[in-house]
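Naming convention: chains lettered A, B, ... in sequence-line order (proteins, then strands); numbering from 1 in each chain.
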2 protein chains.
Amino acid sequence: MGIHQSELDKRMEHFRSGCIKAGLKLTQQRLEIFKALAARDDHPDAEALFSSLRSHMPTLSLDTVYRTLWLLNDLGLINTLGPRRESIRFDANLRQHHHFVCLRCGLTRDFESDLLNELPIPEDAHAMGKVLASQVELRGICDSCSQIEAL
Amino acid sequence: MGIHQSELDKRMEHFRSGCIKAGLKLTQQRLEIFKALAARDDHPDAEALFSSLRSHMPTLSLDTVYRTLWLLNDLGLINTLGPRRESIRFDANLRQHHHFVCLRCGLTRDFESDLLNELPIPEDAHAMGKVLASQVELRGICDSCSQIEAL
DNA sequence: TCCTATTTAAGAATTATTCTTATACAGGAA
DNA sequence: TTCCTGTATAAGAATAATTCTTAAATAGGA
């Protein structure tokens, strides 16, 4: 799905060295799961990866897909999209605004910025569809988590 | 949690007129659920709202909180944060990039932009914590959904 | 090749969310 | 105001995503 072989090779190499550096075993499952994910750019969920892998690996378990993905996420070898949330969160603020998300505790705070409200939309994005809204998501460590880490 | 009375009044008024316009009954539950959400700015989930309301409304059910929040979301009276996702999605693309999310089908596509990679961070956001990364999320309707709607 | 800590498969368990159904109530009509 | 009726709710069962438990398998070093 739109990933060039050279890019895929690069991702696989980065994955291998990352695993070795972390002292992780290079199991068949980890290699296949990462490769399946790295080969596509449509952000599949665990179930979708699992289905696509079952034909090659009939004994693969869904649990292994989840464990592997979270493990790689913790190592920084992949990312989850948007803020990690245990459940969907809601927001009553209808004004255009932006988010600061704490990577540790999940705290999500709004902020406003006239400048960020008027971002230039790249041609690439227009090619994907009709853009109706834009917002900026900042990720970082909130003050309260910073204090805890400083202990 | 940081919402001024005047802002809360404004939100409540918008909510009331929105319900009436949509022909919805102004039940005690809807008023309380919306008010509880509108009064805070920390993006609670349904469970958190439910707990905070139970003391006033011992017979309130969690299901009603969910139904009400999704209903208000559909009416545009509140928003969910980030892309609606049935399950958490993963991403192997480690380069800085941005997202286009289709509001209809949930399709999420990456795009890159040097310009958007270097956004000015407002002072307000710095005050919330240490900013480590930024990304732009565009919401809209993808080409394929636009075609379906045009039928 | 052998050994052992790590990893996996399988399925049970858990948690968030939605569905089902009988009851309650908002708001219009009398 | 009181009655009526469609809409909304409570309660708990059902479902779906994710995680846990445990016994078996295996990567990689000795």
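Residue order along DNA chain D, read from the 5' end via each residue's closest nucleotide, puts B/P58 first among A/T27 and B/P58. The residue among A/L60 and B/L24 whose nearest nucleotide of DNA chain C lies closer to the 5′ end is A/L60. Mapping B/L26 and B/L62 onto DNA chain C via the closest heavy atom, the residue that lands nearer the 5' end is B/L62. Toward the 5' end of DNA chain D, the nearer of the two residues B/D63 and B/G23, judged by each one's closest nucleotide, is B/G23.
Residue B/L69 contributes atom CG, which lies 15 Å from atom P of C/dA16 at whole-angstrom precision. Between the CZ atom of B/F50 and the P atom of D/dT9 there is a distance of 14 Å, given to the nearest Å. To the nearest angstrom, C1' of C/dT18 lies 16 Å from CG of B/N73. Rounded to whole Å, the distance from CZ on B/R16 to P on C/dG27 is 10 Å. In this structure, A/Q28 places its CD atom 14 Å from C1' of D/dA25, rounding to the nearest Å. For the pair B/L31 CG and C/dC25 P, the computed distance is 15 Å after rounding to whole Å. At whole-Å resolution of the value, CG in A/L71 and P in C/dT6 are 13 Å apart. Computed from coordinates, the A/I20 CD1 to C/dT6 P distance equals 17 Å when rounded to whole Å.
Residue B/R67 places no side-chain N or O under 4.0 Å from the OP1 or OP2 atom of D/dA8. A/Q29 has a side-chain polar atom (N or O) that falls below the 4.0 Å cut-off from OP1 or OP2 of C/dA9. A sub-4.0 Å separation between OP1 or OP2 of C/dT18 and a side-chain N or O of B/W70 is present.
Relative to the side chain of B/K25, the nucleotides C/dT7, C/dC19, C/dA26 differ in distance, and C/dA26 lies closest. Considering only the side chain of A/R30, C/dT7 comes nearest among C/dA9, C/dT7, D/dA10. Of the listed nucleotides (D/dT9, D/dT18, C/dA9), D/dT18 has the atom at the smallest distance from the side chain of A/Y66.
The minimum heavy-atom distance linking A/V65 with A/I33 is given by the pair CA-CD1, 3.8 Å. Of all the heavy atoms in B/G129 and A/D143, the pair that sits closest is CA-OD1, 3.5 Å.
The shortest distance between side-chain heavy atoms of A/Q29 and A/T68 does not fall below 4.5 Å.
Note on B/E137 versus B/R139: salt bridge recorded, some NZ/NE/NH1/NH2 to OD/OE distance being below 4.0 Å.
For A/D74, the CG atom sits in a packed shell: over 12 heavy atoms of surrounding residues, nucleotides or ligands are nearer than 6.0 Å.
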